[in-house]
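Each chain gets a letter, A, B and so on, in the order its sequence line appears, and its residues count up from 1. Worth saying up front: this structure is predicted, and the values here are computed from it rather than measured. The basis for the numbers below is simple: all heavy atoms, side chains too, and nothing from hydrogens, waters or symmetry mates.
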Protein chains: 2
Amino acid sequence: MSNNSAIVILTKHGLKITPQRIAILDVILNLKEHPTAETICNYLRPGYPNLSIATIYKTLDTFAQKGIIRKVLSETDTMRYDGVAEKHHHLYNTGSGRIEDYYDEGLNKIVENYLKNKKIPNFTIEDFKLQIFGKFRDNGNK
Amino acid sequence: MSNNSAIVILTKHGLKITPQRIAILDVILNLKEHPTAETICNYLRPGYPNLSIATIYKTLDTFAQKGIIRKVLSETDTMRYDGVAEKHHHLYNTGSGRIEDYYDEGLNKIVENYLKNKKIPNFTIEDFKLQIFGKFRDNGNK
DNA sequence: TACTATATAATAATGATTATCAATTATAAA
DNA sequence: TTTATAATTGATAATCATTATTATATAGTA
Ligand SMILES: [Mn+2]
Ligand SMILES: [Mn+2]
Ligand SMILES: [Zn+2]
Ligand SMILES: [Zn+2]
């Protein structure tokens, strides 16, 4: 039960267990679409009519600070959130807001290795991420 | 004279030559720091006291649409603009807003080649960009 | 020089996010 | 189990980057 894993995660990070945090964490971990705060709100409103959008923002920020989730930059003025905390890259559908995860350990190794030899002057690399732009061949969404 | 090259570029893209466009293009092409609209405004206000921030936004957007400049996503809620239109990557200084260009044709080739063989299912790649996060070893700016 | 479409400046509006703060609640101590 | 207390939440106001509006000014052209 995903509900349970949310509690485990909250506990592990020393966060108080609240119904709002459980619900929000549950959604962000199971949704694959890099939702906005607003999207998450829409998912949860039926079950939590009083859930405040401010609480969602604050909670997502708390999770991101703990490293439970990540923030994803988008083309528009809207922050997207990512339930996947492990290293991965993103496929951006040009023109629409669709963003999908892209895992590629082989690519990681190749780039990592290249950059290790390259030694960028005056800069110490901590991490890198690929933004891959293009078009999904299935349409069916904006 | 950079002033002149601005006029050439505007002409090439069929844009009317105005003092504002010349000034804005001149700044964005010569500034290496991926400025915000506000930063550009501050640079130009001494010479153009009536220059409107709305004009700057609209002008930058026009330039971006023509492919003369690019928009750069940043960690904060503020759009950054990039006078370099050619393919390149970015070094993000974690914690501060500093963003610097990173050109690496070798890296481009390697990744390009890797992805060409890889064939991501259901996705046609148009372009890719690396976000490299880390720390600049010279401090001296935020 | 005069005409017309376009650009600009001033300012209002928008929309995402953050701040504020009183009321509620999760946790731990008694 | 009750109580105490610090943290969280919800309601709402404020902020701030960006966009829309519109009257005026101007670049390009005849
Ligand atoms: Mn905004
Ligand atoms: Mn914003
Ligand atoms: Zn992701
Ligand atoms: Zn750049």
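Atom OH in Y48(A) sits about 15 Å away from atom P in dA11(D), given to the nearest Å. L44(B) has its CG atom 11 Å from the P atom of dA9(C), to the nearest Å. We find that CG of D77(B) is positioned 15 Å from C1' of dA14(D), with the value rounded to whole Å. In this structure, K58(A) atom NZ and dT12(D) atom P are separated by 15 Å, rounded to whole Å. Rounded to whole angstrom, the span from the CG atom of L73(B) across to the P atom of dT18(D) amounts to 12 Å. Between the C1' atom of dT17(C) and the CZ atom of R80(A) lies a distance of 16 Å, rounded to the nearest Å. For the pair L51(A) CG and dT9(D) C1', the computed distance is 9 Å after rounding to whole Å. When rounded to the nearest whole Å, the span between CG of L10(A) and P of dT25(C) equals 18 Å.
Between T59(A) and dT8(D) there is no side-chain polar atom (N or O) within less than 4.0 angstrom of OP1 or OP2. Side-chain N/O atoms of Q20(A) include none lying less than 4.0 angstrom from OP1 or OP2 on dT25(C). Close to dG10(D), at under 4.0 Å from its OP1 or OP2, lies a side-chain N or O of T55(A). Under 4.0 angstrom from either OP1 or OP2 of dT18(C) there lies no side-chain N or O belonging to Y57(A). Between dA16(C) and T36(A), no contact under 4.0 Å exists linking OP1 or OP2 to a side-chain N or O.
Comparing K16(B) and N50(B) against DNA chain C, the residue whose closest nucleotide sits nearer the 5' end is K16(B). Comparing I56(A) and I53(B) by the nucleotide of DNA chain D that holds the closest heavy atom to each, the one mapping nearer the 5' end is I56(A). Mapped onto DNA chain C by nearest heavy atom, A54(B) and P19(B) fall at different nucleotides, with P19(B) at the one closer to the 5' end. Between L15(A) and M79(B), the one whose closest nucleotide on DNA chain D sits nearer the 5' end is L15(A).
Under the side chain to side chain donor-acceptor pair (under 3.5 Å) test applied with D82(A), the options R70(A), K71(A), H88(A) reduce to a single match, H88(A).
Judged purely by atom type and a 3.5 angstrom limit, R80(B) has no side-chain atom pairing as donor or acceptor with the backbone of V72(B).
Between Y43(B) atom OH and L31(B) atom CG the span is 4.5 Å, to the nearest 0.5 Å.
Note: F136(B) and F123(A) have perpendicular aromatic rings, judged against thresholds of 30 and 60 degrees for the angle between ring planes.
Checked against dT20(C), dA16(C), dA7(C), the side chain of T18(B) finds its nearest nucleotide in dA7(C).
Between the side chains of T62(A) and T59(A), no donor N or O sits under 3.5 Å from an acceptor N or O.
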